[in-house]
Amino acid sequence: MALPNYPRNPDYGTGTYRRRIRLEQGDGCVYGALEDTNHGFTVTVYHDGEHVTAIEGDAKRVPYTSCPGALNPIKGYIGTSIHATLRDLNFHMPPSANCTHLLDLTVMTIRHAASQNPVRQWDIAVTDQTDNSDSVCTVVRDGEEIFRWHARDLQLTQPAEFAGNPFYLGFGKWASKTFEPEALEAAFILQKGYFVSLARHFDMDQMAGEPALASKDGMGGACYTYSSPAIEHGVRSSGNIRDFSESEEQLLKFL
């Protein structure tokens, strides 16, 4: 796996990437929150029992100064059905006009409005890959472990029947053929966590102030910040990174 030529994180190889997503139903609304090493977002979706009537979001912690601008595009979900399929919601908005993580959280929050479970929590953990050990990747739903996979260099290595399948590009096609809808949701949540966990390789604080334009060749058009006009003015945030390796209890406190 070829990594970008960024300053390396001296602690990589000894820690664990963690992400927590929590969805809570309220009176005519659903509150969603996501926090991990690099991001912190909340979103409140208001509804009338059938359709989304309003959306409020907050960018608690973001990698670029331009990322809060992505709070406006998610309002494009106002008017959508809370019973819409995951596929329909995912294709409702163009990824390039949105923050990937805020968009995912918004879709999950909308879908939770029709859930029979008042509260749902997802916990994702990915251990650092080393020369001698693959990353161990787990996704837990409401305290129950759904998947425990091993991965190396963007490929699954365990369980044996999944070994050699992609854990990045091509994952969606393979996973969609392999898992039923409920398990497929967990698989995608884990895969997205695994991809973000790769950022633990780098010391992002050393890159504070770098313009988003510096990543245009590799990331151009990938999301809101890497698309025009945000890419022209966004710069990397300082003091944005949190290490939850040994402090899982701090997730969603947005400290």
Side-chain angles (χ1 to χ4, degrees), residues 1-4 6-9 11-22 32-43 59-64 66-68 70 90 95-96 98-108 121-129 134-141 146-156 166-172 175 185-205 207 210 212 215 218-219 222-226 234 236-237 239-245 247-248 250-252 254:
M1 176 175 59
L3 295 173
Y6 294 161
R8 291 298 193 264
N9 171 14
D11 295 325
Y12 185 82
T14 64
T16 301
Y17 163 87
R18 297 187 187 279
R19 166 177 281 192
R20 176 168 290 170
I21 302 168
R22 187 171 175 86
L34 176 153
E35 187 170 28
D36 65 14
T37 304
N38 303 76
H39 312 91
F41 291 106
T42 64
V43 64
K60 303 284 190 180
R61 187 163 48 83
V62 291
Y64 281 92
S66 50
C67 294
N90 280 338
S96 61
N98 286 270
C99 163
T100 302
H101 314 286
L102 179 60
L103 184 66
D104 287 345
L105 178 63
T106 301
V107 167
M108 293 177 74
Q121 181 167 301
W122 295 92
D123 285 289
I124 298 91
V126 180
T127 63
D128 293 344
Q129 175 181 312
D134 296 348
S135 290
V136 179
C137 315
T138 58
V139 57
V140 174
R141 182 183 62 212
I146 306 302
F147 291 125
R148 176 177 292 266
W149 297 342
H150 292 210
R152 172 171 291 272
D153 297 342
L154 303 178
Q155 281 196 331
L156 293 169
F167 211 16
Y168 180 42
L169 297 177
F171 176 81
E185 180 183 27
F188 275 122
I189 288 171
L190 182 54
Q191 186 271 337
K192 290 175 181 179
Y194 172 74
F195 180 69
V196 179
S197 77
L198 300 178
R200 273 189 48 82
H201 280 276
F202 312 115
D203 185 346
M204 293 300 187
D205 285 336
M207 300 172 65
E210 178 189 73
S215 300
M219 297 295 294
C223 66
Y224 175 85
T225 280
Y226 289 125
R236 287 192 186 273
S237 305
N240 176 62
I241 303 302
R242 303 289 184 272
D243 187 347
F244 297 107
S245 295
S247 56
E248 183 179 6
Q250 296 298 314
L251 285 162
L252 299 187
F254 302 111

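Heavy-atom minimum distance, Val62 versus Pro68: CG2-CD, 4.0 Å. Asp205 approaches Gly239 most closely through the heavy-atom pair OD1-N, 3.4 Å. Taking both residues in full, the closest heavy atoms of Gly193 and Tyr17 are given as O-CE2, 3.2 Å, listed atom of the first, atom of the second, then distance. Nearest heavy-atom pair, Ser245 versus Gly15, reported as atom, atom and distance to 0.1 Å: OG-CA, 3.4 Å. Ser197 approaches Val126 most closely through the heavy-atom pair OG-CG1, 3.5 Å. What you find for Cys99 and Tyr224 is that their closest heavy atoms are N-CB, 3.8 Å.
With sequence neighbours left out, Phe195 forms a ring-ring contact (aromatic ring centres under 6.0 Å, His included) with Tyr168. Evaluation of the side-chain hydrogen bond (donor to acceptor under 3.5 Å, both in side chains) rule for Arg61 yields Glu35 as partners, not counting sequence neighbours. Arg8 is linked by a salt bridge (charged side-chain N to carboxylate O under 4.0 Å, His left out) to nothing, counting only residues two or more places apart in sequence or in another chain. Residues passing the side-chain hydrogen bond (donor to acceptor under 3.5 Å, both in side chains) test with Glu248 are Arg20, sequence neighbours excluded. When the side-chain hydrogen bond (donor to acceptor under 3.5 Å, both in side chains) test is applied to Asp203, the partners found at least two apart in sequence or on another chain are Gln206. By the side chain to side chain contact (heavy atoms under 4.5 Å, CB included) test, Asp128 pairs with Tyr12, Arg200, sequence neighbours left out. For Thr14, the side chain to side chain contact (heavy atoms under 4.5 Å, CB included) partners at least two apart in sequence or on another chain are Asp11. Among residues two or more places apart in sequence or in another chain, the side-chain hydrogen bond (donor to acceptor under 3.5 Å, both in side chains) test is passed with Ser66 by Thr225. In this structure Ala187 satisfies the side chain to side chain contact (heavy atoms under 4.5 Å, CB included) test together with Phe147, Trp149, Phe171, Phe179, sequence neighbours excluded. Residues satisfying the side chain to side chain contact (heavy atoms under 4.5 Å, CB included) test with Met207, not counting sequence neighbours, are Tyr6, Pro7, Met204, Glu210, Arg236.
Considering CD1 of Ile124 and OG1 of Thr138, their distance stands at 8.5 Å, rounded to 0.5 Å. Note that CZ of Arg242 is 10.5 Å distant from OG of Ser247, once rounded to the nearest 0.5 Å. The CG atom of Leu156 sits 7.5 Å away from the SG atom of Cys137 when rounded to the nearest 0.5 Å. Interatomic distance, Asp123 CG to Ile189 CD1, rounded to the nearest 0.5 Å: 11.0 Å. Separating the CZ atom in Phe254 from the NZ atom in Lys60 is a distance of 6.5 Å, to the nearest 0.5 Å. Here CD of Gln129 is found 6.0 Å from NE2 of His201. Values are rounded to the nearest 0.5 Å.
Side-chain contact between Leu251 and Arg22 is absent, with no heavy atoms from C-beta onward closer than 4.5 Å. Counting heavy atoms from C-beta outward, Val136 and His150 have side chains that approach closer than 4.5 Å. At least one side-chain heavy atom of His39 sits less than 4.5 Å from a side-chain heavy atom of Val196. You'll find the side chain of Tyr64 reaches within 4.5 Å of the side chain of Ser215, heavy atoms only. Looking at heavy atoms from C-beta onward, Leu198 lies in side-chain contact with Leu154 at the 4.5 angstrom threshold. Side-chain atoms of Met108 and Leu34, non-hydrogen and from C-beta on, never get closer than 4.5 Å to each other. Arg141 is listed as a side-chain neighbour of Trp122, based on a closest heavy-atom distance under 4.5 Å.
No donor-acceptor pair closer than 3.5 Å links the side chain of Asn38 to the backbone N or O of Asn240. Of the possible donor and acceptor atoms, none in the side chain of Thr16 sits under 3.5 Å from a partner among the backbone N and O of Thr127.
Just one of Leu103, Asp36, Ile21, Leu105 meets the side-chain contact (heavy atoms from CB on, under 4.5 Å) condition when paired with Phe41; it is Leu105.
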